[in-house]
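Numbers restart at 1 for each chain; the letters A, B, ... are given by sequence-line order, proteins then strands. Bear in mind the structure is a predicted one, so any value in this text is a computation, not a measurement.
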Amino acid sequence: MSETTTEREVMDYDVIIVGAGPAGLACSIHLKQLKPDLMVAVIEKSAEIGAHILSGAVIEPEPLDELLPGWRDNPPPICIPVESDEISLLTPTSRFRLPTPPQQKNHGNLVVSLGALCAWLAPQAEALGVDIFPGYAASGIYFADEGSVAGVIIGDMGVDKQGTPKDTYMQGIEIHAPLTVLAEGCRGHLSKQLISKFKLDANSDPQAYGIGIKELWRVEAGKCKPGLVQHSIGWPLDKNTYGGSFIYHMDKDRVAVGFVCALDYADPDFSPFEAFQQFKHHPSVKPLFEGGEILSSGARTIIEGGAQSLPTTEMPGALLIGDAAGLLNLPKIKGTHQAIRSGMLAASHIAETGNGAGFDKLLRASPIMQELHKVRNIRPGFNKGLWRGLITAGIETITAGKLPRTLHNHADYSATKKLNDFSGVDRHWVERDLAPRDRLASVYFAGTEHDEDQPVHLQILEPDVCTTRCSKEYNNPCTKFCPASVYEMVEDGSARHLQINAANCVHCKTCDIKDPYQIINWVTPEGGSGPNYQNL
Amino acid sequence: MKIMVGIKRVVDYNVRIRVKSDGSGIDTDGVKMSINPFDEIALEQALRIREAGQAEEVIVITVGGSECQQQLRTGLAMGADRAIQVDADNSLQPLTVARTFLKLVEKEQPGLVILGKQAIDGDNSQTGQMLAALWGRPQATFASGLELSGDTATVIREVDAGLETIEIDLPAVVTVDLRLNEPRFVKLPDIMKAKRKPLEVISLDDLGVTAQNDLQVSHYAPPAVREKGIMVEDTAQLVAELKNRGLV
Ligand SMILES: Cc1cc2nc3c(=O)[nH]c(=O)nc-3n(C[C@H](O)[C@H](O)[C@H](O)COP(=O)(O)OP(=O)(O)OC[C@H]3O[C@@H](n4cnc5c(N)ncnc54)[C@H](O)[C@@H]3O)c2cc1C
Ligand code: SF4
């Protein structure tokens with residue numbers, strides 16, 4: 001990774017942060033608040049800050065109060081206090097209201113667009129002197145001779161599909177820093193390499209993930225109830241699949257609707273995208289969207305493993321924070337407050353000690369970890385199905401996680417059953433007519449853009465497996481789980497091959513996680529490529 | 001010689017634009033804004049001319065609100081030497097912009113002004129032509145080739161019939177087309193350098209220009225949505241359906 005052919009240009013900083021999400025931005029702001037003289041840079045692969053951020057989002061505002069006292073006088077562009085909460089159980093035709101579990105009570109919380117919130121945070125960081133570089137992907141780690149992390153390598157630009165430089169070729173530079181903070185969010189490309197290289201997960205369960213697909217709609221006048229927060233479980237998922245929907249009512253007739261599904265589902269033919277679209281057609285949901293207009297859409301994975309799966313969050317020269325570490329509180333489906341808090345904690349530790357050593361211990365003793373510990377058994381409780389899961393969730397909630405037991409997580413890809421071992425389920429799916437018609441129509445609303453003439457950023461390590469074993473054993477699940485139709489099996493004459501429509505990719509990282517043979521490797525495409533989310 | 005390049009802040013070409021529900025304009029809330037792609041090509045050409053030793057200075061100019069400084073900074077990071085923002089309302093019409101540019105031209109005395117052939121928001125394609133007329137200098141529009149030699153420029157123009165090559169005397173106004181070049185990527189250290197390059201802000205008043213909006217936009221509307229199609233079984237049904245709709 002650090003071997004370079006020609007000398008790359010170098011920039012030096014005291015701290016380099018990868019990822020301008022809530023974790024990275026909060027960390028950069030707090031570093032400058034505590035030590036104005038530190039040179040801090042933030043690298044972000046999206047062309048604009050917030051354009052690769054997709055979240056719910058109902059957020060807990062307390063960490064923002066700590067980070068930026070007085071922010072409420074200058075709030076982010078979308079910021080609506082939660083007025084009421086509803087949670088329901090859906091069957092194919094009915095809806096049953098359930099009592100709202102304490103983790104999902106949202107009094108005092110805010111409905112925001114996390115992308116817009118990040119775009120609002122960035123100038124505040126810049127005003128403190130942070131250098132933020134949107135449009136540049138950190139594609140590799142720069143290692144010091146003794147093997148510790150010593151910075152990042154920015155991806156080259158202007159390289160063609162075969163890997164040869166074009167007229168516009170620009171070699172990526174190296175950014176050197178005594179400390180690198182990885183804030184890449186769920187399934188970070190560099191974080192993944194470092195977790196493996198430094199064996200940071202040696203003492204934790206395999207990580208667990210979900211996929212979240214989301215759309216922003218403008219609904220017919222009078223249908224949006226600003227501040228209403230709705231969740232559902234049950235249909236269209238079968239009882240062995242963990243997940244559910246969210247509908248957050250914002251202002252100006254805008255409604256965010258999304259669906260989250262754990263990636264440890266068994267059915268190799270399951271399409272999370274289709275499940276989401278089906279949900280929108282439930283008789284109790286569809287009227288909200290009829291006559292409305294879809295504004296924006298996208299997908300992103302969610303890190304769900306919690307306390308048991310949390311890797312060691314420090315290594316020589318680098319730290320993991322936010323979703324890159326895996327601090328999301330799943331029963332709440334909230335990670336933003338944890339991301340901000342962990343960013344601030346890392347900042348104060350760095351400001352105090354001048355390096356990262358000792359951060360992991362500090363984190364594990366902090367309220368961030370206590371919060372995860374309380375809910376640690378809820379997701380694995382659903383391994384035995386919806387009903388057993390709800391019972392576990394009830395017990396764990398009543399006892400605040402104090403029972404001396406810890407259920408375990410397994411690797412999501414290993415839960416996919418082979419065609420022969422999976423007996424189909426009747427999903428009671430219906431004909432659809434709301435937009436988007438299919439995944440390609442949905443990609444259009446993600447505004448995703450990649451120069452077609454660049455190396456494919458979805459690397460298949462053993463391409464033969466796709467057409468031989470995978471076709472037979474699993475019927476190529478990548479062609480179903482990818483929410484952007486990137487993977488397609490095409491017939492050419494008598495043979496079939498896997499076609500990768502990389503330009504459609506929305507950077508959700510599902511394929512990197514769920515592929516049953518673990519042979520798909522998501523790498524950073526040319527900086528600035530990818531979705532252009534608006535207010536997701 | 002100095003080269004002046006116009007830079008306009010527009011909604012990025014990848015963005016799916018939407019008309020505001022009241023028809024008063026385009027919804028730019030949370031929307032990505034960029035340099036007008038034709039202006040980026042204009043700047044790339046100016047930089048190449050300077051790098052070839054045929055010009056000493058490249059100045060990027062814009063007329064608009066302070067948010068346009070972001071695009072000027074990008075222009076500086078690409079390699080322009082300095083920038084001028086004429087502070088004004090973003091909704092100025094081409095004639096006012098051309099008059100403003102004229103004042104800057106009189107002040108800076110450039111040997112060449114390069115502009116995009118049009119901005120992708122209004123698609124007017126007027127500013128360059130108007131500036132040349134007000135300035136009383138030659139113009140070459142829709143350039144896909146541009147060579148300088150001494151006091152003249154040879155320009156290949158994209159015209160309906162194909163390509164036209166003309167020679168013009170400098171100073172002149174050239175507006176550029178898509179095929180002229182492929183703009184460079186910005187190097188990260190150059191973003192830092194750009195922060196230290198001069199960016200002058202002048203008000204419209206200081207230049208003695210009054211914004212004049214002679215055209216009134218009554219309202220914006222999205223194109224009509226296509227009706228959902230139906231699949232017909234055979235020609236008989238096709239004919240019947242067409243008759244039904246009064247189309248045959
Ligand atoms: C569907 C869905 C619903 C959610 N709902 C809620 C909710 O209601 N409330 C809540 O609090 N949380 C919610 N979350 C979780 C929340 O979004 C995350 O916890 C939060 O975004 C984590 O912040 P982060 O800064 O760690 O990472 P992210 O927000 O993921 O930010 C990471 C940033 O790093 C960039 N990046 C990654 N790799 C690189 C690289 N190599 N080079 C350069 N840049 C890079 C990415 O482009 C991105 O901008 C939801 C998540 C999803 C997917
Ligand atoms: S290719 Fe992979 S990362 Fe890209 S959209 Fe599809 S599943 Fe997500």
Original post:
Side chain, backbone, both or neither: which part of A/Leu295 has an atom under 4.5 Å from a heavy atom of chain B?
Top reply: both
Original post:
For the residue pair A/Asn532 and B/Asn14, what are the closest heavy atoms and their distance?
Top reply: ND2-CB, 4.0 Å
**OP:** Side chain from CB out, backbone as N, CA, C, O: work out which of these in B/Asn181 comes under 4.5 Å of a heavy atom of chain A, or both, or neither.
**Re:** neither
Subject >> Top of A/Gly158, A/Gly528, A/Gly447, A/Gly527 for chain B proximity - count of heavy-atom pairs under 4.5 angstrom >> reply: A/Gly158
**OP:** Check each atom of A/Met11 against the heavy atoms of chain B and say whether the ones under 4.5 Å are side chain, backbone, both or neither.
**Re:** side chain
Original post:
Is the count of non-hydrogen atoms from other residues, nucleotides or ligands lying under 6.0 Å from A/Glu452 atom CD greater than 12?
Top reply: no
Original post:
Which is it for B/Glu182 and A/Lys166 under the salt bridge (charged side-chain N to carboxylate O under 4.0 Å, His left out) test, yes or no, and what are the steps along the way?
Top reply: CA-CA 11 Å; B/Glu182 197 177 331; A/Lys166 297 189 274 193; 5.2 Å; no
**OP:** Examine whether an atom of B/Leu188 lies under 4.5 Å from a heavy atom of chain A, and if so say whether it belongs to the side chain, the backbone or both; otherwise answer neither.
**Re:** both
Subject >> Atom CG of A/Asp167: over 12 foreign heavy atoms under 6.0 Å >> reply: no
**OP:** Residue by residue, scan residues 32-57 of chain B and write down, ordered by number, those that have a heavy-atom distance under 4.5 Å to chain A; if none do, write 'none'.
**Re:** B/Lys32, B/Met33
**OP:** Determine which residues belonging to residues 141-148 of chain B lie within contact range of chain A, meaning some heavy atom pair is under 4.5 Å apart, and list them by number or answer 'none'.
**Re:** none
**OP:** Counting only heavy atoms closer than 4.5 Å, note whether B/Arg18 contacts chain A via side chain, backbone, both or neither.
**Re:** side chain
Subject >> Contacts of type side chain to side chain contact (heavy atoms under 4.5 Å, CB included), residue B/Val19, not counting sequence neighbours >> reply: B/Ile26, B/Tyr220, B/Pro222
Subject >> Residue part contacting chain B, namely of A/Tyr169, when any heavy atom lies under 4.5 Å >> reply: neither
Subject >> CG on B/Asp190 to CE on A/Met170, rounded to 0.5 Å >> reply: 8.5 Å
Original post:
Are B/Asp27 and A/Lys252 close enough for a salt bridge, meaning some N to O gap below 4.0 Å?
Top reply: no
Which donor-acceptor pairs under 3.5 Å do the side chains of residues 126-137 of chain A make with protein atoms, sequence neighbours left out?
unit_1   : atom_1 : unit_2   : atom_2 : d
A/Asp131 : OD1    : B/Lys195 : NZ     : 3.3
A/Asp131 : OD2    : A/Tyr13  : OH     : 2.6
A/Tyr136 : OH     : B/Val186 : O      : 2.5

Subject >> Spacing of B/Arg16 atom CZ and A/Ile294 atom CD1 [to the nearest 0.5 Å] >> reply: 8.0 Å
Subject >> Side chain / backbone / both / neither for A/Glu48 at chain B, heavy atoms under 4.5 Å >> reply: side chain
